[in-house]
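Down below is the structure, laid out as structure tokens.
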Amino acid sequence: MSKQQPAQFINPETPGYVGFANLPNQVHRKSVKKGFEFTLMVVGESGLGKSTLINSLFLTDLYPERVIPGAAEKIERTVQIEASTVEIEERGVKLRLTVVDTPGYGDAINCRDCFKTIICYIDEQFERYLHDESGLNRRHIVDNRVHCCFYFISPFGHGLKPLDVAFMKAIHNKVNIVPVIAKADTLTLKERERLKKRILDEIEEHSIKIYHLPDAESDEDEDFKEQTRLLKASIPFSVVGSNQLIEAKGKKVRGRLYPWGVVEVENPEHNDFLKLRTMLITHMQDLQEVTQDLHYENFRSERLKRGGRKVENEDMNKDQILLEKEAELRRMQEMIARMQAQMQLQLQGGDGDGGVHGHHV
Amino acid sequence: MDPLRQSPSPSSSRASSPRTFSCERLGYVGIEAVLDQLKIKAMKMGFEFNIMVVGQSGLGKSTMVNTLFKSKIWKSTMPGLRVPMPQTLQLHSVTHVIEENGVKLKLTVTDTPGFGDQINNDKCWDPILGYINEQYERYLQEEILITRQRHIPDTRVHCCVYFVPPTGHCLRPLDLEFLQRLCRAVNVVPVIARADSLTIEEREAFRHRIQDDLKTHSIEVYPQKSFDEDINDKILNSKIRERIPFAVVGADREHMVNGRCVLGRKTKWGIIEVENMAHCEFPLLRDLLIRSHLQDLKDITHNVHYENYRIIRLKESHALPRGPGWVNLAPTPPGPGKVCRWAEDDSDEDF
């Protein structure tokens with residue numbers, strides 16, 4: 001707290017003015033210098049427009065050499081995690097954005113295992129942060145924890161699919177979920193409203209915890225309160241993504257050109273893209289905070305309770321353990337059989353050497 | 001396209017007409033009047049057509065059927081309406097008699113709710129194959145009776161319309177598995193559903209990729225290349241094959257466009273007209289299924305798919321028909337050569 005204040009802060013009429021009202025400025029300056037980190041995960045079936053939406057949101061091309069795999073390759077693929085980092089700078093503010101993509105999710109005929117990889121990844125990031133935090137040099141901890149997960153819901157269904165419900169229930173305690181209705185230009189307004197309501201009902205029915213926008217503080221101005229209220233009422237956001245510039249009504253807009261009209265990405269009457277972007281930007285800090293205060297703390301307390309033992313896979317259910325035990329038994333039996341066969345050979349081939357003493361593993 | 005270009009008798013084979021010598025006619029005989037007789041008979045009897053729609057929920061199957069036959073065959077399920085998701089794949093059929101200009105069509109539509117909606121969709125095609133084979137079996141049993149009916153009721157599936165979701169990428173593993181298995185048993189017409197989410201370029205790219213995938217996996221969808229009879233068929237069917245799968249949009253609401261009342265979907269940025277070729281390819285699908293190839297679909301079902309099934313069944317029971325007093329085949333349980341189970345439900349797993 002310095003008494004040397006720039007001219008505008010000195011108010012000689014209020015005695016006892018200390019001057020720490022300048023603190024936020026200092027924090028602001030430091031943060032701007034340090035830059036921000038944000039990790040966003042996108043999950044959804046192939047073909048829902050995830051990559052297009054991410055490119056549209058951040059006005060960049062995160063996937064310049066993208067090759068869409070053919071059908072034959074898709075059959076063999078399991079879910080993979082691909083993280084791409086990009087540094088965006090706007091008016092001196094640096095944002096280090098990491099987008100974690102999950103290709104292969106929902107592609108297979110049997111999708112039972114498709115979210116194990118994703119959950120492992122999230123836990124790994126938490127684990128790494130925990131490790132760094134408990135380490136000696138804590139100055140430059142890189143925060144790679146997933147701050148937000150956009151879950152893409154198909155607009156073609158009648159609500160959430162069983163896979164959607166199962167996945168969201170599996171990660172709602174680990175990461176902030178923001179459900180997004182993809183490819184919203186395939187729905188009329190009425191259909192959209194109905195679908196949104198249906199999804200919200202199902203989310204409540206299955207007690208899925210999605211990210212809730214914090215209410216505006218009472219001392220914020222009316223516009224902000226109104227904006228927050230509108231945002232809250234539009235969840236889940238129904239979005240359309242595009243980076244192509246189309247000529248519409250005399251000006252160039254980003255949109256999709258159809259024979260029957262042009263869907264404008266940034267038109268609030270056409271879709272909720274602007275709302276999604278506003279939400280992400282105004283609540284980026286809050287998303288990070290909730291990740292730190294809620295999800296990370298949950299993870300940390302679970303981990304420390306369990307002690308130093310690193311858990312292999314929390315979702316292993318009894319069937320799998322049984323299968324593994326059976327496989328082990330079979331292996332041991334095979335080994336015994338091999339030993340016996342060897343002994344037989346020895347007895348036949350050798351001259352009463354005595355059998356080889358098999359060692360049990 | 002003359003729907004009576006082949007004789008409507010069920011046992012017509014696909015062999016080309018035998019070489020005959022044309023003789024000189026001395027006057028008008030009146031042979032061509034047989035066409036009128038056939039027509040009158042056909043009109044009296046009416047036509048039967050059985051169609052099956054397969055695809056994930058929400059792809060517009062019920063709406064498409066309503067649009068195709070311009071009648072409310074199904075109450076189309078609206079998105080967002082409370083529809084309990086069936087835990088196992090079920091099939092249910094609905095039969096309607098539609099009449100147009102004195103021609104009666106007995107239309108049976110079989111829907112397959114629950115297809116591809118579960119987390120584990122393994123073997124979800126078995127109930128469908130089972131149903132198809134069950135219909136063949138039913139017809140076979142009627143056919144081999146010693147005293148059989150004059151007109152065997154035909155419940156065999158003549159056409160299966162498969163709805164591919166408009167991902168824009170390529171066929172999914174589930175699509176491939178299903179198409180591979182079903183194309184051998186029934187005529188399959190794949191369509192790109194809800195095509196209003198794809199722009200024209202995306203549509204073309206998607207279509208080409210699907211065609212490549214089909215070729216790579218040797219999947220022969222209707223119209224099959226190997227069943228083209230003559231050069232005219234080849235030309236006509238090649239044109240159709242170039243555009244398969246059709247990108248369709250279904251709608252059963254009418255809106256006013258330029259003073260006309262059209263079927264379409266009204267959005268904030270325009271009205272998608274279902275019957276406008278510039279918007280979607282629904283007219284092509286309708287023409288294929290109803291206006292030009294309806295009889296062909298039935299013929300191929302009878303002459304090829306049903307015959308294949310019959311051969312397999314007869315070989316299984318080690319009996320070939322030799323005359324009156326044939327071995328009466330014991331009906332087997334339906335299934336693709338084995339006992340068919342409903343798709344197993346794994347909902348008891350907790351996540």
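Every chain is numbered from 1 and lettered A, B, ... according to where its sequence line falls, protein lines coming before strand lines. What you see is a predicted model; the values in this text were computed from it and never measured.
- Separation of atoms SG (B/Cys280) and CH2 (A/Trp260) is listed at 7.5 Å; rounding is to 0.5 Å.
- Rounded to the nearest 0.5 angstrom, B/Ser197 OG and A/Phe156 CZ are separated by 4.0 Å.
- The closest donor-acceptor contact from the side chain of B/Arg172 to the backbone of A/Ser46 lies at 3.5 Å or more, if one exists at all.
- Residues of residues 260-267 of chain B that come within less than 4.5 angstrom of chain A, heavy atom to heavy atom, are B/Arg265, B/Lys266, B/Thr267 in numerical order.
- Summarising the geometry of B/Asp117 relative to A/Pro162, their closest heavy-atom pair is O-CD, 3.2 Å, with the distance given to 0.1 Å.
- Of all heavy-atom pairs between A/Leu187 and B/Arg194, the closest is CD2-NH2, 3.5 Å.
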TODO: Kindly determine whether A/Asp185 and B/Trp269 satisfy side chain to side chain contact (heavy atoms under 4.5 Å, CB included), including the steps that lead there.
DONE: CA-CA 9 Å; A/Asp185 53 355; B/Trp269 44 89; 3.7 Å; yes
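- For B/Pro166, the parts lying under 4.5 angstrom from a heavy atom of chain A are both the backbone and the side chain.
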Task: Check against side chain to side chain contact (heavy atoms under 4.5 Å, CB included), B/Trp125 and A/Ile109 - done: CA-CA 11 Å; B/Trp125 45 82; A/Ile109 296 183; 4.2 Å; yes
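- We find the OG1-CD1 distance between A/Thr188 and B/Ile272 to be 9.5 Å, quoted to the nearest 0.5 Å.
- Atoms CD and CZ, on B/Gln118 and A/Arg112 in that order, are 12.0 Å from each other to the nearest 0.5 Å.
- Contacts of B/Glu220 classified as side chain to side chain contact (heavy atoms under 4.5 Å, CB included), with partners at least two apart in sequence or in another chain: B/Gln224, B/Lys225, B/Ser226.
- Within 6.0 Å of the CD atom in A/Gln244, the count of heavy atoms belonging to other residues, nucleotides or ligands does not exceed 12.
- Of the atoms belonging to B/Leu59, heavy atoms from both backbone and side chain fall under 4.5 Å from chain A.
- Note that CZ of A/Arg256 is 7.0 Å distant from CG of B/Leu198, once rounded to the nearest 0.5 Å.
- Of the listed residues (A/Leu189, A/Asp201, A/Val262), the one with the most heavy-atom contacts under 4.5 Å to chain B is A/Val262.
- Looking at B/Glu202, only its side chain comes within 4.5 Å of chain A, counting heavy atoms on both sides.
- Here the NZ-CG distance, from B/Lys123 to A/Asn110, works out to 10.5 Å after rounding to the nearest 0.5 Å.
- Of the atoms belonging to A/Lys197, not a single heavy atom falls under 4.5 Å from chain B.
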